[in-house]
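Keep in mind that this is a model prediction, so the values were computed, not measured.
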Amino acid sequence: IAELTGTQADVEFDDELSKITEAVRFGPYLIIAAINGACIGAAFDLACACDFRVAGQSATFEVPAVRLGLLYNPVAIGRMHQTIRSDAIRRLLFLGERLDARESQAVGIATHMVPDIDVVSGASAIAQKSLGSPSALIATKSLLATLDDVGLDMTRWQKTRIELLNSAERKSALKAAMDKPHR
């Protein structure tokens, strides 16, 4: 958050994150997020791009975008909308609520929940299950990622996002967040 400016320049950060999430989604490998602790904002976006999300029991998930005066990246919201229950997205975005591991699994964020000490081994166990045909895995992953992208024209939403990034309200919200002691 310290690197954000509260202006349209913040789109550069989102664009870089989008490149990473697209590489995760369309890459030829199974990508598994091992989440132990807080998963907030950009980390949440990256985790949602992964094929599976293994959460430790103390993991939490939060997207404080509206609280920071912005329309979160519309492409990321579209991806979340396809993965996570609609009411949970509203709680995360509108209210900035923090969901714990158990609730995150119930709403479709975490695909697996394990004790904190087993997060990496839990992710590794899932990877071991996928040792089938690499060509079939690549083709299936590519098809699913392509199907996820069908249907939403982002032009309007990107314009709205830029307007919000440049707003005085956004600058004020970002300053308040930076001045607040970190939890």
Practice problem: Decide, yes or no, whether a salt bridge links R85 with E103 under the criterion of side-chain N to carboxylate O below 4.0 Å. | Solution: no
Under a 3.5 Å threshold, yes or no: a donor from one side chain and an acceptor from the other, between S18 and N73?
yes
Rounded to the nearest 0.5 angstrom, the NE2-CG distance for H112 and D118 is 13.5 Å
Check: Does the side chain of F94 reach to within under 4.5 Å of the side chain of I89, using non-hydrogen atoms?
Finding: no
Closest heavy-atom pair, L30 versus A127, reported as atoms and distance to 0.1 Å, is CD2-CA, 4.5 Å
Quiz item: Would a 4.5 Å heavy-atom cut-off, applied to side chains only, mark L95 and V66 as touching?
Solution: no
So CD1 of I77 and CD of Q82: to nearest 0.5 Å the spacing works out to 12.5 Å
So CG of L93 and CD1 of I84: to nearest 0.5 Å the spacing works out to 8.5 Å
> Do you reckon M113 sits in the same ILVMFWY cluster as I35, going by side-chain contacts under 4.5 Å, direct or chained?
Replying inline: no
Rounding to 0.5 Å, atoms SG (C39) and CG (L99) come to a distance of 11.0 Å
Can you confirm whether the side chains of D100 and T60 place a donor and an acceptor under 3.5 Å from each other? no
Could you check whether any side-chain N or O of R67 sits under 3.5 Å from a backbone N or O of G96, counting only pairs where one atom can act as donor and the other as acceptor?
yes
Smallest heavy-atom separation, A55 atom then A101 atom, equals CB-CB, 4.4 Å
Do Y29 and I20 share a hydrophobic cluster (ILVMFWY, side-chain heavy atoms under 4.5 Å, transitive)? yes
Tightest non-hydrogen contact, residues D116 and S58, listed as OD2-OG, 2.7 Å
Interatomic distance, CZ@R91 vs CZ@F61, rounded to 0.5 Å, equals 13.5 Å
Would you say Y72 ends up clustered with I40 if hydrophobic residues are merged whenever their side chains have heavy atoms under 4.5 Å apart, either directly or through other cluster members?
no
By side-chain contact (heavy atoms from CB on, under 4.5 Å), T140 pairs with (sequence neighbours left out) L144
Open item on the list: Do V107 and F44 land in one hydrophobic cluster if side-chain heavy atoms of ILVMFWY residues count as linked below 4.5 Å?
Closed with: yes
Margin query: For D179, is there an ion pair with K175 - N to carboxylate O distance below 4.0 angstrom?
Written below: yes
Exercise for the section: Take L92 and E97, measure what side-chain contact (heavy atoms from CB on, under 4.5 Å) needs, and give me the verdict at the end. Expected result: CA-CA 5 Å; L92 287 163; E97 286 187 10; 5.7 Å; no
**Asked** Under the salt bridge (Lys or Arg N to Asp or Glu O under 4.0 Å) criterion, do D51 and R25 qualify, and how do the steps go?
**Response** CA-CA 7 Å; D51 299 299; R25 292 181 59 239; over 6 Å; no
Report task. For the pair E22 and K19, evaluate salt bridge (Lys or Arg N to Asp or Glu O under 4.0 Å) and give the outcome as yes or no after the intermediate values. Result -> CA-CA 5 Å; E22 291 303 302; K19 288 177 188 174; over 6 Å; no
Heavy atoms of Q57 and P115 approach each other most closely as OE1-CA, 3.6 Å
Rounded to the nearest 0.5 Å, the CZ atom of R53 sits from the OG1 atom of T83 at a distance of 5.5 Å
_Between S86 and R90, do the side chains contain a donor N or O and an acceptor N or O under 3.5 Å apart?_
yes
Of all heavy-atom pairs linking A34 and V119, the shortest is CB-CG1, 3.3 Å
Quick one, F26 and K141 - any side-chain contact, counting heavy atoms below 4.5 Å? no
